[in-house]
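What follows is one structure encoded as structure tokens, with my remarks underneath.
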Amino acid sequence: MNFELTEEQQMLQDSLRRFLANEYTFEKRRKIIESGQGTDAGTWQALAEMGLLAFTFPEEYDGLGGNGIDTMLVMESFGRALVTEPYLATVVLAGGLVRDAGSDAQKQAILPAIASGEKLMALATYEHGARYSLAHINTQAKNNSGGYELNGTKTAVIHGGQASQLIVSARTSGDTRSEDGITLFLVDANASGVSITDFATHDGFRTAEINLNDVQVTADAVIGKADQGFAALEKAIDQGIAALCAEAVGAMDAMMEATLEYTQTRKQFGTPISRFQVLQHSMADMFIQAQQGRSMSILAADSADSDDRDARRESISQAKLLINQGAREVGQSGVQLHGGMGVTDEMWAAHLFKRLTMINLLFGDADHHLSKVSDALLTKMA
Amino acid sequence: MNFELTEEQQMLQDSLRRFLANEYTFEKRRKIIESGQGTDAGTWQALAEMGLLAFTFPEEYDGLGGNGIDTMLVMESFGRALVTEPYLATVVLAGGLVRDAGSDAQKQAILPAIASGEKLMALATYEHGARYSLAHINTQAKNNSGGYELNGTKTAVIHGGQASQLIVSARTSGDTRSEDGITLFLVDANASGVSITDFATHDGFRTAEINLNDVQVTADAVIGKADQGFAALEKAIDQGIAALCAEAVGAMDAMMEATLEYTQTRKQFGTPISRFQVLQHSMADMFIQAQQGRSMSILAADSADSDDRDARRESISQAKLLINQGAREVGQSGVQLHGGMGVTDEMWAAHLFKRLTMINLLFGDADHHLSKVSDALLTKMA
Amino acid sequence: MDLNYTSEQEAFRQEVRQFLQDQLPDDISERTQKRLRLTKDMIVRWQQILHKQGWGASTWPKEFGGTGWSEVEQLIFEEECALAGAPRQLDFGLRMVAPVIMKFGSQEQKGQHLPGILDGSVWWSQGYSEPGAGSDLASLRTTAEREGDHYIVNGQKTWTTLGQYGDWIFCLVRTNKEVKAQEGISFLLIDMKTPGIDVKPIIMLDGEHEINDVFFDNVKVPVENRVGEEDKGWTYAKYLLGHERTGLANVGQWKAMMRRLKEIARQEQDDGHAIIENPRFRDRLAQLDAELRALEVTVLRVLTNSSGPGPEASILKIRGTEIGQRLFELAMEATGQDALAHIPDALEPDYDGPLAGSMNATPAAGDYFNMRKLSIFGGSNEIQRNIISKLVLGL
Amino acid sequence: MDLNYTSEQEAFRQEVRQFLQDQLPDDISERTQKRLRLTKDMIVRWQQILHKQGWGASTWPKEFGGTGWSEVEQLIFEEECALAGAPRQLDFGLRMVAPVIMKFGSQEQKGQHLPGILDGSVWWSQGYSEPGAGSDLASLRTTAEREGDHYIVNGQKTWTTLGQYGDWIFCLVRTNKEVKAQEGISFLLIDMKTPGIDVKPIIMLDGEHEINDVFFDNVKVPVENRVGEEDKGWTYAKYLLGHERTGLANVGQWKAMMRRLKEIARQEQDDGHAIIENPRFRDRLAQLDAELRALEVTVLRVLTNSSGPGPEASILKIRGTEIGQRLFELAMEATGQDALAHIPDALEPDYDGPLAGSMNATPAAGDYFNMRKLSIFGGSNEIQRNIISKLVLGL
């Protein structure tokens, strides 16, 4: 039982925060977003050079053997600075999935390339009509002589438009909602039959809609075993959720700081508005939420690597539930306490609020995760 | 569209409130409750003399032809003064049911006797295991040569121990949860085979557990038609809910007043605690809840007499839902704002809080009524 | 006590409904209901249709070309308009400056300004707020110094909604610095084409341009453009603020949005079923539905209460904005991850590019973001609670 | 960062669990878990069993007969005790006055008082609060005037929990009126059998007698019963208040109650099904379960944080009391209308009269009522939010 960071972790966090404070300013970020590229080569390369893209990969693949706590530290710092780089998509989701479920050859081909910053990837799994259900997969993969032929449409593919390679979940057997029969494939983004529509998101990220029309892949494009991809998919999404939780905690902290500063500066009726008791208690509640969120983010990070599915799922969904609720309260209160300024594009608080809102929608909203823990309660008791 | 009271209604309300303020004091009420009788003959007779027990009965049965709005006025005043007399049980539930569904002979025998204050009645319908489900009835009524023989156990019979006659719901056909097959019977409280266990409630009312063991009733004890009692039962409970809503509104108003007075009197750190902005906003929220409750209570009272089942049920459940939520917030905040004193038996606020809590449990808690309106939404949309 | 509409009121509702069915253009109605952008032309077109019917100003007395309707009739009209998908009329002219001109303006001001408001040809902006003032309106610093027949106006107004389209702006300006903050203020009508006025967009958090900063640099305003007496502008502004008893509740708009939300909940899918079938989502909807019903009854209670407007407007403002914000939050939640994509072009007419998910998702997050303003603008909900505790509860 | 207990800690947990299984009497455990009344004898009996084991004071250092356990071990011990249904030990002696005596008391005071606390033979009450003072402790008016070798104490204390059983009471009294409010206060230990002390019950809203008023009328207290220096009592009281970093969170108790609540939810019926099958009720439970988990992790974060106790105790107090109150609220809701009946006798041992519904309902509403005190006593949650905004956020 120990909640302290190691010396290495502390150093990592310090240097990352210093880098972001100096190099990833509000104006710089705005320019990156307005460029429409969806990623900034300079920033990405700097992250690679800091070793961040390799941190959680095994040492034999140019990694540093880090764990969920390391991802947490990175994502928390990203959340504070609202970094829009494809770290979640490339490193956490795709990289993590290959690390945990890929063959040696796949790891060899992919992990060092991610680590060096050359390769961007994305996980294409959600589908229309599924909402947050991971097993709801209609994309078909037909076994043929050359391997598999993929047909279907994927949505909400974070940074899908920037990836050179995708991981695509598809159905090799079973009905639409069945956990059995799902297979994971590596698909080149420029393969014939892949069409990608790239969208900006409200919070400066990118998302894509991906159409697969008779896309041919070879048998060695399969990650893990055919029909049995669900476990790896679910674990990757759980790691993604843990990462989002950490990002939200960083953004909540930043919202706290922005709000404390604003309310102590801004005067109304001749006094700083931070003197009003109602606003003080509102900030105290924000602080409590942020602290509770931090506890759950640590729990999620600690559980994310686990193969004990029930325990991992419980921690992850409990964390996302409470952090979503906290992010909503902190986000809304932060904007409210900024008054009219809070709803303008000029204010940092507005951007934090938008990201916190989008995090809540990603990979399951509060109700979704409440239903997960609630229904698990029933099973556990039976 | 008119929300004003008639002159008669205004007079009724004024005289009732005057009577309660003078004659139904905190100390008087405490003595009545401690007597363990569950009703106070003097108070009840005074209510009868004011015409309150007859107000909502037709004129041909010694009534005054009043409606749900009149019941609302009475119950709201009762709520303000926390009157523990068996008005809900006798007049609203049993009297209302006989008025709406009884035969002429039944009305003749019962309504004038209630009106004059001679007769107390109770509705015995809820059963163990049913929770708030009205159709969940296991008490059996077997048709025999003498009429019917009743067997079963009833619970949460408000003022059941004080009633001389009961209305008992029992199953004459159908399965436990079926709305069809429920029949309503008049049963004398001292009939052979009826055993009644009388309990005090936390808020100074009485409730009873009633066991029916081979209780024989004649065929003319049936109210309405055999097997078809559910509609009348449901309507009676809906009228009871509307009455409880009004009572809660009265108690919320009283809690508001008690809290305003206490916080303006009580000093801490050298100033009346009503000067603290956080407490001011808490009271503003209480006020908003009380006002919202008042709106819903009026809606419930206006709907309670209606035979348009879907519309009535929607209004009644929406009202109970919001009023329960409001009563919870107003009750908890009222106690909280009274500080340590709020959790002692000495304070009016504590008694208001307890009654508000018990009202929330009666005839369906917030979740129960939320499920009713929520599921109706689905049906309406289909 | 009688909660039913009278038969006259029901007949009136039918008449309005029939009119809307016949006269409200489909393109306008569809875009309004789906919460896509309307062009300026669409809004003017609709105002002109209303004006032709004699219904251009539902809240005005007949003598100025209004309908002379009762408050209940106004409510019915607004509700039917909202449910039919009619665009919101332009409040700044019709409901904010016009009542002040009608009550305190000169005969010339009435003749000059009311017709253009009525037919939608002249758009008004509001010049009340200033940077850093927020809910503390009386602290304003924009000055108007008398120079012969003119005032010379200098300063800055902000949060000027639709200022980019404004033909005229009504402003509170300081004409006297010697007296208490609220006493030296005058109410001016200013032609926005006057030299020295500069309008600069403020981009909102949803990326949209609906509000502006307006700068005044030695702007010459004829003295006859002052409404009422010099230094008494605060009284007129307060009259205007207190004029609306129930408008802040926005019941008609929210009922329309509730209907839209139920439609979205039937269309959006959750693991292959309509999300309305998900009991958790449905419960949130049912809860809000009940709250909206309570708001509606409260509005009717206030409207049919014989006493005049009072501080109950604060309750309606608080509950109205909370319910409105929640409606848009649920609409966003219903569309799930589809709401991530930001495709502003898709809000424009004739867009035929790609969408991320259904059309329901297109305005969802932007609307949610935008509606955070509801609890801030027009006296924040914290200020409203201060008002309740002081003016209603006497604390 | 490592969130697992060490193997030593796990072994310790096993040892505690085994001890409880062997030594905790069934009658006590069952009544505690079902939240029925315990007799004074049961509480003393349990304290003596613990004392015999050497575990009478889990928070004390070894030199005074305590266990010398680390904070994490204390937490494990409390949690296992709560889950096993052990009664709460008597905080006023063990955790409130004893730390002050150990830190500031004389050798004689230590020798006189600590053993009786340890073996449960002497019960202590707290004499801090006074009528009308509430969270403003320093405004106290009970006086102690020096007269030779004695203080003469006059005044009134209130909210004295278990005062009816108290053998001794520790009091804050005013010994100097000339200095600032917090500076003229002394800390006295008073034998409750001293003439002039009168204990009067305060009945709580649940009808129970657990707190009291204590009146002091010319009560003679030997000067050697003063702890530490005269006029420095406020310092000692603050030490005591700040001594507990995580106890206010009550995690062990709430985990036990959560387990009980789940049991109740499996037993209580809803239209013929266990209420746990009702998704709405289950969601409330699941929500609270998650919040309790967050509280637990927060407690562990604070405990293993190397810096000393700080204002984070306020967060734990707020969340701990909110979660506790909600637990009892849900337990009451689960029993529905059965919770109406008030049968105080049924809380006593050997009751075999009628019940309204199951035994789950018997303490349900009373507990819910009683627990409202949690957010009021010991510095109300409003005061805790003041502390956070001032001491943590620097506002």
Side-chain angles (χ1 to χ4, degrees), chain A residues 1-6 9 67-70 72-73 256 259-260 263-264 272 274-277 279-288 291-299 301-303 314-315 317-319 321-323 325-326 366-367 369-378 380-382, chain D residues 1-6 9-10 70-72 75-76 262-263 265-266 274 276-287 289-306 311-312 314-316 318-319 322 381-382 384-395:
Chain A
M1 187 71 57
N2 162 21
F3 288 82
E4 315 268 327
L5 298 183
T6 64
Q9 286 169 335
N67 59 21
I69 299 292
D70 298 300
M72 181 185 85
L73 294 177
M256 232 11 268
T259 307
L260 286 172
T263 56
Q264 287 175 297
S274 64
R275 297 275 171 80
F276 293 110
Q277 196 191 22
L279 306 195
Q280 291 179 346
H281 280 215
S282 180
M283 286 184 268
D285 285 330
M286 289 168 71
F287 181 70
I288 293 172
Q291 285 298 316
Q292 174 174 276
R294 177 171 299 279
S295 292
M296 290 314 268
S297 170
I298 293 170
L299 182 69
D302 185 64
S303 316
E314 184 186 32
S315 297
S317 276
Q318 284 184 333
L321 168 64
L322 295 191
I323 286 172
Q325 291 169 338
D367 273 352
H369 289 286
L370 179 58
S371 78
K372 291 285 172 193
V373 287
S374 179
D375 294 348
L377 212 50
L378 198 57
K380 266 202 291 189
M381 299 187 119
Chain D
M1 217 177 265
D2 177 5
L3 272 61
N4 297 306
Y5 288 98
T6 64
Q9 288 164 342
E10 287 295 357
S70 71
E71 281 184 301
V72 172
L75 190 81
I76 291 171
K262 288 175 181 171
E263 200 174 272
R266 275 200 304 270
I276 189 77
E277 294 177 42
N278 177 324
R280 279 138 190 137
F281 187 84
R282 193 168 69 246
D283 281 3
R284 313 283 175 218
L285 202 68
Q287 172 77 40
D289 209 18
E291 291 177 22
L292 178 53
R293 188 116 188 253
L295 182 67
E296 186 181 7
V297 178
T298 307
V299 164
L300 292 169
R301 277 174 58 206
V302 171
L303 278 194
T304 59
N305 184 334
S306 38
E312 63 268 344
S314 290
I315 299 184
L316 299 180
I318 292 172
R319 289 305 291 142
E322 286 172 348
N381 283 7
E382 288 81 12
Q384 303 300 334
R385 285 187 171 82
N386 284 348
I387 293 174
I388 292 174
S389 63
K390 295 211 164 27
L391 300 188
V392 185
L393 306 180
L395 296 176

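Just so you know, these numbers use all the heavy atoms, side chains as well, and skip hydrogens, waters and symmetry mates. So you know, we letter chains A, B, ... as the sequences are listed, proteins then strands, and number each from 1.
- Nearest heavy atom pair, residue D:L3 against residue A:L299, reads CD2-CA, 4.0 Å.
- Within the 4.5 Å cutoff, the side chain of D:R319 has heavy atoms near those of the A:Q292 side chain.
- Neither the backbone nor the side chain of D:L295 has a heavy atom closer than 4.5 Å to any heavy atom of chain A.
- Highest contact tally toward chain D, considering only A:L279, A:I69, A:I298, A:T263, is held by A:I298 [criterion: heavy-atom pairs under 4.5 Å].
- Residue D:L393 comes nearest to A:L260 through the heavy atom pair CB-CD2, 3.9 Å, listed as atom of the first residue, atom of the second, then distance.
- Side-chain contact check for D:N4 versus A:M1: every heavy-atom pair is 4.5 Å or farther apart.
- Side-chain contact between A:F3 and D:L303: absent, with no pair of heavy atoms (C-beta onward) separated by less than 4.5 Å.
- Looking at heavy atoms from C-beta onward, D:I388 lies out of side-chain contact with A:Q280 at the 4.5 angstrom threshold.
- The candidate from D:V72, D:D283, D:D289 with the greatest count of non-hydrogen atom pairs under 4.5 Å with chain A is D:D283.
- A:S303 does not touch chain D: none of its heavy atoms, backbone or side chain, sits under 4.5 Å away.
- Contact annotation for A:D375: both backbone and side-chain heavy atoms come within less than 4.5 Å of a heavy atom of chain D.
- For chain D, the option among A:V373, A:N67, A:D302 with the highest count of heavy-atom pairs below 4.5 Å is A:D302.
- Heavy-atom distances place no part of A:M286 under 4.5 Å from chain D, backbone and side chain included.
- To the nearest 0.5 Å, atoms CG (A:L378) and CD1 (D:I276) are separated by 6.5 Å.
- Inter-residue side-chain proximity for A:Q264 and D:L395 is flagged as met; some heavy-atom pair is nearer than 4.5 Å.
- The choice from A:A301, A:S315, A:A319 that makes the most heavy-atom pairs within less than 4.5 Å of chain D is A:S315.
- Between D:A294 and A:L322, the closest heavy-atom pair is CB-CD1, 3.7 Å.
- Proximity of D:T304 to A:N2: side-chain heavy atoms (C-beta onward) are nowhere separated by under 4.5 Å.
- Between A:S374 and D:R284, every side-chain heavy-atom pair lies at or beyond the 4.5 Å cut-off.
- Qualifying side-chain hydrogen bond (donor to acceptor under 3.5 Å, both in side chains) partners for A:Q9, counting only residues two or more places apart in sequence or in other chains: A:T6, A:D70.
- A side-chain N or O of D:Q287 and one of A:Q325 form a donor-acceptor pair less than 3.5 Å apart.
- Between A:R294 and D:T298 there is no side-chain heavy-atom pair separated by less than 4.5 Å.
- Side chain of D:R385 to main chain of A:H281: no donor-acceptor pair is present (N/O by atom type, distance under 3.5 Å, no hydrogens or angles).
- When heavy atoms are compared at a cutoff of 4.5 Å, D:E296 does not approach chain A at all.
- For the pair A:L370 and D:A286, the tightest heavy-atom approach, listed with the atom from each and the gap, is CD1-CB, 4.0 Å.
- Not counting sequence neighbours, the partners of D:N278 by the side-chain hydrogen bond (donor to acceptor under 3.5 Å, both in side chains) test are D:D270.
- Looking at D:Q384, neither its backbone nor its side chain comes within 4.5 Å of chain A, counting heavy atoms on both sides.
- Heavy atoms of other residues, nucleotides or ligands lying less than 6.0 angstrom from CZ of D:R301 number more than 12.
- Contact count versus chain D (heavy atoms, under 4.5 Å) is highest, among A:M256, A:M296, A:H369, A:E314, for A:M296.
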